[in-house]
Amino acid sequence: MEPTEQLVQPTLFDIEPGEVLPLVQPHGRHVVAEPAAAPYVPLARPARSGGPTTVNARSEASPARSSVAVLEAPAGPAWAHRLVVFDLETTGIDVETSRIVTANVSVIDHLGDTLSRLDWMANPGIPIPEQASAVHGVSTERAVAEGRVAADVIAEIVDALTAALDDGLSLVIYNAPYDLTLLDREARRYGIIPLREPLPVVDPLVIDKALDRYRKGKRTLEAAALHYEVELLDAHDAGADAIAAGRVAQSLARRYEAELDITQHQLHHAQVAWAREQAASFEDYMRRTKDPTFTARAGWPIC
């Protein structure tokens with residue numbers, strides 16, 4: 001969920017079942033030994049009762065093919081070659097009081113194709129305001145009937161994101177402080193150990209504002225997807241938004257390769273500085289034009 005315009009195991013994230021041999025050919029080619037008809041391992045951890053919906057884009061066995069395939073190394077910054085994407089839809093926009101309704105954690109490859117995904121619906125334990133239901137389509141009645149115990153959902157989301165970090169993948173989250181801060185507050189609310197310091201994170205909103213600072217118009221995910229030519233057919237569905245955010249991040253990586261061809265951790269720390277500058281600029285604007293006492297919420301990727 002994007003509330004404002006201003007504002008397992010590690011091996012389960014493997015892309016291919018084949019083993020990459022330590023042999024590098026000219027022009028970045030890699031020889032990959034791949035067993036015929038090998039099924040892709042789905043993204044899933046040992047499920048609690050009634051666990052998340054798991055969709056595995058490569059669950060069917062591949063047709064028989066040569067035992068050795070030659071693949072081109074993906075172009076662009078290495079951090080964008082495989083990403084975990086994350087999004088929440090919630091009961092409101094206040095991270096201190098809002099509750100999780102739906103969530104998605106997916107894995108995408110260097111082409112933006114979905115390798116695997118986890119989807120959750122929780123019973124938030126409070127009524128879902130009509131304004132929020134109008135955005136994401138989940139009513140209080142539906143959440144009560146179809147949603148799972150919120151504490152179980154939150155624990156599983158934390159587990160999935162922890163597995164991604166353990167696997168060395170970047171987490172793509174559009175407007176990261178909203179989703180990560182709300183998840184932190186939900187975990188604490190239910191006595192769940194919160195996600196450890198999330199690093200590395202990729203926030204397309206922060207990167208877009210830093211590298212295309214003077215572009216006019218909205219900076220919502222829908223606007224960014226349109227600008228960076230990413231298809232977003234079901235906005236405010238957690239899965240659709242998460243995957244679109246990952247593809248926007250990859251589009252940014254290609255468009256601004258000179259600036260973004262750095263390591264995951266260098267990019268993370270660059271965003272810390274960019275987000276700090278953006279918050280200060282927004283605070284200055286609000287104080288000059290609307291409220292002399294306005295204070296922007298500080299902290300990235302979590303407040």
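Note that the numbering runs from 1 along the sequence shown for the chain.
Note: Phe86 CZ to Leu195 CG = 8.5 Å, rounded to the nearest 0.5 Å.
Residues Thr102 and Asp119 have side chains not in contact (no heavy-atom distance under 4.5 Å, counting atoms from C-beta outward). Within the 4.5 Å cutoff, the side chain of Tyr174 has no heavy atoms near those of the Asp241 side chain. Residues Pro200 and Leu267 have side chains not in contact (no heavy-atom distance under 4.5 Å, counting atoms from C-beta outward). Using a 4.5 Å heavy-atom threshold, the side chains of Val95 and Tyr178 count as touching. Between Pro74 and Arg82 there is no side-chain heavy-atom pair separated by less than 4.5 Å. Side-chain atoms of Trp120 and Ile100, non-hydrogen and from C-beta on, never get closer than 4.5 Å to each other. By the 4.5 Å heavy-atom criterion applied to side chains, Leu211 and Leu260 are counted as neighbours. Inter-residue side-chain proximity for Val201 and Gln271 is flagged as unmet; no heavy-atom pair is nearer than 4.5 Å.
No continuous path of hydrophobic side-chain contacts links Leu183 to Leu199 [ILVMFWY only; heavy atoms under 4.5 Å]. Hydrophobic clustering (side-chain heavy atoms under 4.5 Å, transitive across Ile, Leu, Val, Met, Phe, Trp, Tyr) groups Ile207 together with Tyr256. When the side chains of ILVMFWY residues are joined at heavy-atom separations under 4.5 Å, either directly or via intervening members, Val144 and Ile154 end up in two distinct hydrophobic clusters. In terms of hydrophobic clustering, with Ile, Leu, Val, Met, Phe, Trp and Tyr side chains grouped at heavy-atom distances under 4.5 Å, Val172 and Val272 are assigned to a common cluster. The hydrophobic clustering, which links ILVMFWY residues whose side-chain heavy atoms are closer than 4.5 Å, places Tyr190 and Ile157 together.
Residues that satisfy the salt bridge (Lys or Arg N to Asp or Glu O under 4.0 Å) test with Arg189, not counting sequence neighbours, are Glu186. With sequence neighbours excluded, no residue forms a salt bridge (Lys or Arg N to Asp or Glu O under 4.0 Å) with Arg276. Residues forming a salt bridge (Lys or Arg N to Asp or Glu O under 4.0 Å) with Asp237 (at least two apart in sequence, or on another chain): none. Residues satisfying the salt bridge (Lys or Arg N to Asp or Glu O under 4.0 Å) criterion with Glu146, sequence neighbours excluded, are Arg142. With sequence neighbours left out, the ring pair (Phe, Tyr, Trp, His ring centres under 6.0 Å) criterion links Trp274 to no other residue. Shown here are the side chain to side chain donor-acceptor pair (under 3.5 Å) partners of Thr289, two or more places apart in sequence or in another chain: there are none. With sequence neighbours excluded, the residues forming a ring pair (Phe, Tyr, Trp, His ring centres under 6.0 Å) with Phe294 are Phe282, listed by chain and number.
Residue pairs meeting the salt bridge (Lys or Arg N to Asp or Glu O under 4.0 Å) criterion with at least one partner in residues 91-105, sequence neighbours excluded, are Glu96-Arg185, Glu96-Arg297. Sorted by first then second residue, the side-chain hydrogen bond (donor to acceptor under 3.5 Å, both in side chains) pairs that include residues 193-204, not counting sequence neighbours, are Asp166-Arg196, Asp203-Trp300. Pairs of residues two or more places apart, or lying in two chains, never qualify as salt bridge (Lys or Arg N to Asp or Glu O under 4.0 Å) while including a residue from residues 246-267. Annotation: salt bridge (Lys or Arg N to Asp or Glu O under 4.0 Å) contacts involving residues 223-235, sequence neighbours excluded, are absent.
No donor-acceptor pair under 3.5 Å is formed between the side chain of His81 and the backbone N or O of Leu111. Side chain of Gln278 to main chain of Val206: a donor-acceptor pair is present (N/O by atom type, distance under 3.5 Å, no hydrogens or angles). Side-chain atoms of Thr90 do not come within 3.5 Å of backbone N or O of Ser98 as any donor-acceptor pair. Not a single donor-acceptor pair under 3.5 Å links the side chain of His136 to the backbone N or O of His236. Between the side chain of Asn104 and the main chain of Leu118, a donor-acceptor pair closer than 3.5 Å is present.
Hydrophobic side-chain contacts under 4.5 Å tie Ile128 into a cluster, directly or through other members, with Val101, Met121, Val138.
Between Thr91 and the options Leu182, Ile126, Thr140, a side-chain contact (heavy atoms from CB on, under 4.5 Å) holds for only Ile126.
Around atom CD1 of Ile193, no more than 12 heavy atoms belonging to other residues, nucleotides or ligands sit under 6.0 Å away. A 6.0 Å sphere centred on CZ of Arg213 holds no more than 12 heavy atoms belonging to other residues, nucleotides or ligands.
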For side chain to side chain contact (heavy atoms under 4.5 Å, CB included), just list the numbers for His268 and Thr263, CA-CA rounded to whole Å, side-chain angles, deciding distance to a tenth of an Å, and then say yes or no.
CA-CA 9 Å; His268 182 98; Thr263 69; over 6 Å; no
